[in-house]
Amino acid sequence: CSARAVIYTDSGEVVRYLDLPRNPDVVLLDTKLIVQAPVRFLISGIGDALSTWFEAESCKAKGSPNSTCGAGHLHPGSMTAYALAELCYGTLKEYGVLAVSSAKAKACTPAFEKIVEANTLLSGLGFES
C-alpha cells in the first residue's frame with residue numbers, strides 16, 4: 001500500500017528502493033485464496049509488519065524526515081502514519097497467534113483477516129512514517 005517498494009536480493013539484502021509516483025489506487029486481497037498459501041508466508045508478513053512500529057517510533061523519536069513527498073522534499077512522518085503503525089503492532093500482538101493457527105487449519109477466521117489487513121494495509125501505510 002506504499003508508494004515505495006524495497007528491492008531485495010535472494011538472500012534478503014536490500015538492493016535499492018523503488019519510488020513510485022503515488023500509492024496504489026486499489027489493493028485487492030482475497031483472504032480465501034491467501035489462507036491456502038504456505039503458513040510461512042503469513043509468518044514472514046507478520047515479521048515484516050512487526051518492524052513497522054519500531055521503525056516509526058525510532059523515526060519519531062529522532063525527528064527523522066521521510067521522503068514520501070518525493071526526492072528533495074523531506075518532512076516528518078504524519079500523525080496518521082504513526083497511529084497506523086501503532087495499530088498494526090497492537091493487531092499483530094492481539095491476533096497473530098490465532099491467525100497462524102487459523103492459517104495452519106486453512107481457516108479464514110476474523111483473526112486471520114485482521115492479520116492480513118495488518119500485514120498489508122496497516123504496515124504499508126505505517127511504513128510511510
Side-chain angles (χ1 to χ4, degrees):
C1 296
S2 175
R4 174 172 270 190
V6 184
I7 310 301
Y8 296 93
T9 65
D10 289 339
S11 62
E13 297 174 53
V14 174
V15 174
R16 66 185 173 92
Y17 296 101
L18 175 63
D19 290 314
L20 303 169
R22 65 179 197 251
N23 292 59
D25 291 329
V26 175
V27 177
L28 286 174
L29 301 168
D30 183 345
T31 52
K32 289 183 176 111
L33 178 65
I34 294 169
V35 79
Q36 300 303 316
V39 177
R40 67 185 171 87
F41 291 171
L42 182 72
I43 294 169
S44 294
I46 291 170
D48 180 63
L50 274 171
S51 68
T52 302
W53 169 244
F54 297 101
E55 291 167 351
E57 272 295 287
S58 176
C59 289
K60 188 176 180 181
K62 292 180 180 177
S64 299
N66 70 32
S67 58
T68 56
C69 294
H73 302 283
L74 300 176
H75 303 281
S78 71
M79 294 183 307
T80 303
Y82 293 124
L84 291 175
E86 185 173 16
L87 178 60
C88 180
Y89 180 67
T91 301
L92 295 169
K93 284 192 334 180
E94 186 171 349
Y95 298 102
V97 173
L98 286 172
V100 170
S101 294
S102 297
K104 288 178 180 176
K106 304 293 184 199
C108 193
T109 64
F112 180 82
E113 298 231 357
K114 288 180 187 305
I115 291 302
V116 170
E117 180 180 355
N119 284 357
T120 52
L121 180 65
L122 297 178
S123 177
L125 295 177
F127 168 77
E128 300 284 352
S129 65

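Quick note: numbers below take in every heavy atom, side chains included, and nothing from hydrogens, waters or symmetry partners. Owing to the predicted nature of the structure, the values given are computational and were not obtained by experimental measurement.
The shortest heavy-atom contact between S102 and F112 is CB-CB, 4.1 Å. Across all their heavy atoms, A99 and I115 have their closest contact at CB-CG1, 3.3 Å. In plain terms, the two heavy atoms of C108 and V35 that are nearest each other are N-CG2, 4.1 Å. Nearest heavy-atom pair across A56 and Y82 is O-CE2, 3.2 Å. The two residues L29 and V116 come nearest to each other via the heavy atoms CD1-CG1, 4.0 Å. The shortest heavy-atom contact between S123 and A49 is OG-CA, 3.6 Å.
Of the possible donor and acceptor atoms, none in the side chain of T31 sits under 3.5 Å from a partner among the backbone N and O of I34.
No more than 12 heavy atoms of other residues, nucleotides or ligands lie within 6.0 Å of NZ in K93, so this atom counts as exposed by the packing criterion.
Rounding to the nearest 0.5 Å places CD of Q36 at 10.0 Å from CG of D30. Summarising the geometry, atom OG1 belonging to T91 is positioned 10.5 Å from atom CD belonging to E86; distances are rounded to the nearest 0.5 Å. Interatomic distance, CE of M79 versus NZ of K60, reported as 9.5 Å (0.5 Å rounding). With rounding to the nearest 0.5 Å, the separation of CG in D48 from OG1 in T120 is 11.0 Å. To the nearest 0.5 Å, the span separating CD on E57 from OG1 on T52 amounts to 12.5 Å. Here the straight-line distance linking atom CG of N119 with atom CD of E117 works out to 10.5 Å at 0.5 Å rounding.
Both V39 and L92 are assigned to one and the same hydrophobic cluster, defined by single-linkage of ILVMFWY side chains at heavy-atom distances under 4.5 Å. Transitive grouping of hydrophobic side chains (ILVMFWY, heavy atoms separated by less than 4.5 Å) brings Y17 and Y8 into a common cluster.
The closest side-chain heavy-atom distance from L121 to V27 is not below 4.5 Å.
Ring pair Y89/W53 is parallel by interplanar angle, where below 30° counts as parallel and above 60° as perpendicular.
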